[in-house]
Amino acid sequence: MLLPNVVVILFSFNKPNGRFNYEWTKFSLDAWLHPCAAPGMCQSLTLSLRIGLLATIIATVLGTLVAFALARHRFRGRAGTNLLIFLPMATPEVVMGSSLLTLFVGIGIPLGSTTILIAHIMFCMSFVVVTVKARISGLDARLEQAAMDLYANERQTFMRVTLPLVAPGIAAAALLSFSLSFDDYIITNFNASSSSVTFPMFIWGAASRGTPVQINVIGTLMFVLALAAVGGAQLVSGRRKRV
């Protein structure tokens, strides 16, 4: 499973003779020393990171609130809300992307980074709600009851007991949202303009003309950062268990 990642890392140190980085030629650090040498790549990467961070923050906040409402409260329309939450996850991306394009064009919103952000928030929220709701459903209600028995009010109980217990689920949902947003191509391609090219769109366009080695450099950095995040979380979890 990790072999493709190893290939990406290896070919980030390659210096191809032609436009395509598919055959090993010789070792070189040029791509690492000049990561923005490919025209337009760093701009597309910056746009993807900005949209990914904004979509993650907004979707995580809204999704967490919805998850608490669905897990802790009974209200009219709750079953319908649960169904609507799952629809973006079950709908094919081509259908969702074209439907959003029709919506934005119909109400007169110009395509660009704003429409991409709205689309990403919409499908990321579903994953946040499902992830956080599963964490809330697994909580032991007696812990909150014990806090209130010790004269903690609702706000103190939530901030000092409930939220720390749900925090791992919220963090997992945020990481998942960022990965989905940063990696998305189909929905983004439907709702982007010619001036709002994200990193996946740049890679797709470059694949037909010749893939620059700098793409492998960015892929390697993203892979290393993901491993660092997972490793750091495991270390923190291990220390807490020992304490």
Side-chain angles (χ1 to χ4, degrees), residues 2-60 93 97 100-101 104 109-124 127 174-232:
L2 294 177
L3 184 60
N5 295 314
V6 175
V7 174
V8 169
I9 296 172
L10 178 64
F11 275 78
S12 69
F13 297 98
N14 187 30
K15 188 173 183 179
N17 290 326
R19 296 178 300 169
F20 296 95
N21 186 28
Y22 297 151
E23 295 183 0
W24 180 264
T25 304
K26 64 178 180 179
F27 180 86
S28 175
L29 292 174
D30 289 347
W32 284 90
L33 296 176
H34 306 92
C36 292
M41 193 193 70
C42 283
Q43 289 84 347
S44 64
L45 177 62
T46 302
L47 179 62
S48 286
L49 290 174
R50 185 170 71 248
I51 292 176
L53 289 173
L54 288 174
T56 298
I57 294 172
I58 298 173
T60 301
E93 289 190 335
L100 286 170
L101 173 61
F104 293 138
I109 298 180
L111 299 181
S113 57
T114 301
T115 54
I116 296 174
L117 177 62
I118 294 172
H120 285 201
I121 293 172
M122 192 198 72
F123 68 75
C124 285
F127 291 92
L175 291 175
L176 178 61
S177 296
F178 181 80
S179 299
L180 291 171
S181 175
F182 184 85
D183 187 58
D184 184 77
Y185 171 78
I186 298 177
I187 298 175
T188 302
N189 191 46
F190 272 101
N191 298 279
S193 64
S194 57
S195 60
S196 56
V197 178
T198 61
F199 189 61
M201 293 174 63
F202 175 85
I203 295 176
W204 177 261
S208 60
R209 304 187 302 270
T211 53
V213 186
Q214 285 79 5
I215 291 178
N216 294 65
V217 173
I218 301 302
T220 301
L221 291 174
M222 296 299 294
F223 179 67
V224 171
L225 289 174
L227 284 181
V230 173

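Side chains are part of it too, since the values below use all heavy atoms of this structure and drop only hydrogens, waters and symmetry mates. Heads up: numbering here begins at 1 and tracks the sequence. Quick caveat: nothing in here was measured; it's all calculated off a predicted structure.
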Write down the atom of F190, the atom of L111, and the distance for their closest heavy-atom approach. O-CD1, 4.2 Å
How long is the straight-line distance from CG of N17 back to OG1 of T25, given to the nearest 0.5 Å? 4.5 Å
Under the ring-ring contact (aromatic ring centres under 6.0 Å, His included) test, residues paired with F13 that sit two or more places apart: F27, W32
Pairs meeting criterion salt bridge (Lys or Arg N to Asp or Glu O under 4.0 Å) with involvement of residues 2-17, two or more places apart: K15-D30
Value for CG (L176) from CZ (F127), rounded to nearest 0.5 Å, stands at 6.5 Å
Give me each pair satisfying side chain to side chain donor-acceptor pair (under 3.5 Å) with a member in residues 190-206, each pair once, sequence neighbours excluded. Y185-W204, S193-S195, S193-S196
Indicate yes or no for a side-chain donor-acceptor contact from T60 to the backbone of I57 under 3.5 Å, with no hydrogens or angles considered. no
For F202, all residues meeting ring-ring contact (aromatic ring centres under 6.0 Å, His included), sequence neighbours excluded: none
Spatial distance of atom CD1 (I121) from atom OG (S181) [nearest 0.5 Å]: 9.0 Å
Pairing residues for N189 by the side-chain hydrogen bond (donor to acceptor under 3.5 Å, both in side chains) criterion, not counting sequence neighbours: none
Who pairs with L10 by side-chain contact (heavy atoms from CB on, under 4.5 Å), at least two apart in sequence or on another chain? W24
Here the gap from I116 atom CD1 to L54 atom CG, rounded to the nearest 0.5 Å, amounts to 12.0 Å
Mind jotting down which residue pairs meet the disulfide bond (SG atoms under 2.5 Å apart) criterion with at least one end in residues 195-231? Sequence neighbours excluded, please. none
Would you please test F123 and E93 for side-chain contact (heavy atoms from CB on, under 4.5 Å) and show each step? CA-CA 10 Å; F123 68 75; E93 289 190 335; over 6 Å; no
Which pairs pass salt bridge (Lys or Arg N to Asp or Glu O under 4.0 Å) with one or both residues in residues 209-231, sequence neighbours excluded? none
With distance as the sole criterion, is a donor-acceptor pair present between the side chains of H120 and S177 under 3.5 Å? no
About how many Å separate CD1 of I58 and CG of L53, when rounded to the nearest 0.5 Å? 11.0 Å
Residues S179 and D183: side-chain donor-acceptor under 3.5 angstrom: no
Between D184 and P200, the two heavy atoms sitting closest are O-CG, 3.6 Å
With sequence neighbours left out, what residues match L2 under side-chain contact (heavy atoms from CB on, under 4.5 Å)? N5, F223
Under the side-chain contact (heavy atoms from CB on, under 4.5 Å) rule, collect the residues that match up with T46, sequence neighbours excluded. R50
Counting N and O atoms only, with roles assigned by atom type, does the side chain of N14 sit under 3.5 Å from a partner on the main chain of N21, one being a donor and the other an acceptor? no
Closest contact, heavy atoms only, A31 versus V213: CB-CG1, 3.5 Å
Paired with T115, the side chain to side chain contact (heavy atoms under 4.5 Å, CB included) test is passed by just one of L101, I109, L100, namely I109
The side-chain contact (heavy atoms from CB on, under 4.5 Å) partners of P35 (sequence neighbours excluded) come to none
Would you sort out whether M41 and I218 count as a side-chain contact (heavy atoms from CB on, under 4.5 Å), showing the intermediate values? CA-CA 10 Å; M41 193 193 70; I218 301 302; 3.7 Å; yes
Sidechain-backbone polar pair: T211 side chain, A207 backbone, donor-acceptor under 3.5 Å: no
Is the backbone of I9 close enough, under 3.5 Å, to the side chain of S12 for a donor and an acceptor to pair up by distance? yes
My understanding is that only residues two or more places apart in sequence, or in another chain, count here; which of them pass side-chain hydrogen bond (donor to acceptor under 3.5 Å, both in side chains) with T220? none
Has the side chain of S48 got a donor or acceptor atom that lies under 3.5 Å from a matching backbone atom of F199? yes
